[in-house]
There are 2 protein chains.
Amino acid sequence: MKKKELSPLPTGGKPPVVVPSSAQGALDGYPAAEQAVKQIPPAAVARLTLYLRALNSLTGDGVERVSSEALAEASGVSSATLRKDLSYIGSHGTRGVGYEVDYLNRQIAAALGLTLDWKVAIVGAGNLGRALARYGGFQSRGFEIVAIFDADPLIVGQEIGFLRVSDVLGLETGLAQTRANMVVLALPAHVAQEMCDRVVSAGVKSILSFAPITLQVPEGVNLRKVDMATELQILAYHAQRLVD
Amino acid sequence: MKKKELSPLPTGGKPPVVVPSSAQGALDGYPAAEQAVKQIPPAAVARLTLYLRALNSLTGDGVERVSSEALAEASGVSSATLRKDLSYIGSHGTRGVGYEVDYLNRQIAAALGLTLDWKVAIVGAGNLGRALARYGGFQSRGFEIVAIFDADPLIVGQEIGFLRVSDVLGLETGLAQTRANMVVLALPAHVAQEMCDRVVSAGVKSILSFAPITLQVPEGVNLRKVDMATELQILAYHAQRLVD
DNA sequence: GCCTGTGAAACATTTCACAGCA
DNA sequence: TGCTGTGAAATGTTTCACAGGC
């Protein structure tokens with residue numbers, strides 16, 4: 001349901017292991033292009049963001065070096081997992097010593113693509129959309145909120161933080177003008193798919209949805225979902241089990 | 001970091017495998033008590049909530065029966081995965097026919113423990129906390145928001161939806177009085193761990209945190225985390241890879 | 001005949017344990 | 001000596017493919 005693949009190169013590496021020989025015999029011509037698209041396991045990518053947070057916090061505390069043990073503890077994972085994760089982005093530590101906080105921070109950020117320019121548009125200026133627009137946590141890591149849209153005439157035109165709510169009628173134009181390359185959907189279920197489609201048509205390839213509905217997106221579009229109700233239900237399952 | 005274990009049995013078998021005999025040997029008298037604490041794989045639990053959403057939507061459309069293929073499509077997973085997931089909670093379909101929408105809905109809800117009484121308290125009445133308090137998605141699935149706390153004197157006493165913001169000084173008392181058994185933390189990073197500790201001390205075992213920080217909780221406490229910045233960073237990684 | 005339920009295979013992730021280098 | 005980096009083992013998840021009942 002989500003894999004596709006087209007990288008016909010034997011990038012060579014551990015888990016991500018690229019299909020050894022197999023397919024691809026057809027085209028190519030180059031023996032071994034080194035462009036090799038890394039490929040970090042999804043589970044590791046998610047954790048890299050945690051390490052980043054922990055490293056930022058350490059920087060704030062003036063710490064300059066950290067061991068895998070300590071960083072793992074601060075991130076809530078095992079040290080073995082942490083070392084394995086870091087190995088996917090290369091060897092950036094010193095044996096017998098540990099990791100340089102600042103340097104590692106930059107390495108992870110680079111691996112995640114955070115050095116690029118990310119412009120985020122929020123669709124939906126209801127309670128959640130407004131809260132997101134005002135949330136400072138985005139800006140801090142290079143995500144700039146460039147626009148916020150809504151359909152309600154009473155909300156359009158309002159100021160939220162440094163932004164003015166735009167009419168969703170002008171969604172496509174707005175996305176193009178602001179060069180938004182990510183969209184956050186903060187919408188009720190019944191309009192989410194429609195807005196999602198428009199956003200996709202406008203060429204946006206990265207979408208974060210808070211809508212309580214399963215959205216369909218075409219291949220090549222990256223969709224991540226956050227749903228409070230879902231999280232509570234998962235908690236409920238575990239809590240119930242404690243009681244037996 | 002999260003496993004514990006105490007089952008000294010060679011459980012051997014597929015994922016969920018019910019602990020064969022194990023604990024409780026004390027009572028019963030039957031050779032094979034069927035009470036057997038299920039055990040659904042975490043990945044499957046997360047997806048069961050998606051099926052629930054899809055089933056609700058189908059009910060709304062007046063659909064009474066659904067095939068694994070159709071339900072999987074609506075939920076965004078493969079039909080094999082769906083059938084496997086459902087098999088963890090028992091056989092509730094009819095071969096050659098499909099699943100009864102209403103019946104399956106109830107079976108999943110029961111398996112997730114949604115028939116119990118969940119009372120949720122929100123700690124933090126900032127932008128996000130207020131948005132969550134007003135979000136209708138909770139109530140719909142048996143989660144009742146029973147209190148919301150904040151430390152800011154300007155916010156304490158305000159009305160949000162049907163609730164009045166309580167002073168976080170009275171957190172412990174408030175949790176006890178309202179019999180809250182779940183807590184949502186909607187707090188800035190610098191106070192999140194402290195509040196988390198207080199909530200844990202008060203006996204709450206299920207916590208959903210929106211704070212952009214890794215929280216430490218003792219064994220036996222269930223913590224789930226949602227972080228917008230993390231989600232965007234993961235999107236950034238994938239988006240960057242599309243460019244190569 | 002058709003679609004569910006499920007062993008078994010394929011694949012992915014995590015943990016172990018230790019070699020290797022500062 | 002001490003901690004990283006990483007093969008190999010253990011564990012978990014997804015997919016395959018087909019037996020089995022309606």
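Hydrogens, waters and symmetry mates play no part in the numbers below; they use all other heavy atoms, side chains included. Numbers restart at 1 for each chain; the letters A, B, ... are given by sequence-line order, proteins then strands.
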- Interatomic distance, L71(A) CG vs dG5(D) P [rounded to whole Å]: 12 Å

- Between dT6(D) atom C1' and H92(A) atom NE2, what is the distance in whole Å? 15 Å

- Item | Short side-chain N/O contact to dC3(D) OP1/OP2 from S68(A), under 4.0 Å | no

- For the residue pair V226(B) and S209(B), establish whether any side-chain heavy-atom pair is separated by less than 4.5 Å. no

- Message: Under 4.0 Å, counting only non-hydrogen atoms across every strand here, what does R65(A) touch: a base, just sugar-phosphate, or nothing?
- Response: nothing

- Starting at OH of Y88(A) and ending at C1' of dA12(C), how long is that distance when rounded to a whole Å? 9 Å

- Report yes if at least one side-chain N or O of R47(B) is closer than 4.0 Å to OP1 or OP2 of dT14(D); otherwise report no. yes

- Query: Whole-Å distance between dC3(C) C1' and L86(B) CG?
  - Reply: 13 Å

- Note on the structure: Of dA8(D), dA22(C), dT14(D), the nucleotide closest to the side chain of T94(A) is dA22(C)

- Message: Less than 4.0 angstrom between a side-chain N/O of S67(A) and OP1 or OP2 of dC3(D), yes or no?
- Response: no

- Task: Report yes if the side chains of R47(B) and T81(B) come closer than 4.5 Å at any heavy-atom pair, otherwise no.
- Result: yes

- Query: Tell me, do V200(A) and D197(A) make a side-chain contact under 4.5 Å, heavy atoms counted?
  - Reply: no

- Message: Between H92(B) and Y103(B) (judged by ring centroids, cut-off 6.0 Å), do the two rings come close enough to count as a pair?
- Response: yes

- Query: Any N or O donor-acceptor pair linking the side chain of R95(B) to the base of dG5(C) at under 3.5 Å?
  - Reply: no

- Task: Nearest whole angstrom, please: distance from the C1' of dT14(D) to the CG of L50(B).
- Result: 16 Å

- Proximity to the side chain of Y99(A) - top-ranked nucleotide from dA8(C), dT13(C), dT4(D): dT4(D)

- Task: Check every atom of dT6(D), dT6(C), dT14(D) against the side chain of T81(B) and return the nucleotide holding the closest atom.
- Result: dT14(D)

- Distance in angstrom units between D85(B) CG and dG12(D) P, rounded: 16 Å

- If you check the A80(B) side chain, which of dT14(C), dT15(D), dT4(C) turns out closest? dT15(D)

- Query: Got more than 12 heavy atoms from elsewhere within 6.0 Å of CD, E64(B)?
  - Reply: no

- Note on the structure: In whole angstroms, the gap separating C1' of dT4(D) from OH of Y51(A) amounts to 14 Å

- Query: Could a donor-acceptor pair under 3.5 angstrom be found where the side chain of R83(A) meets the base of dG5(D)?
  - Reply: yes

- Query: Atom CD of E69(A) and atom P of dG5(D): how far apart are they, to the nearest Å?
  - Reply: 14 Å

- Item | Nearest-neighbour nucleotide for the S87(A) side chain, dT6(C), dT6(D), dC21(C) considered | dT6(D)

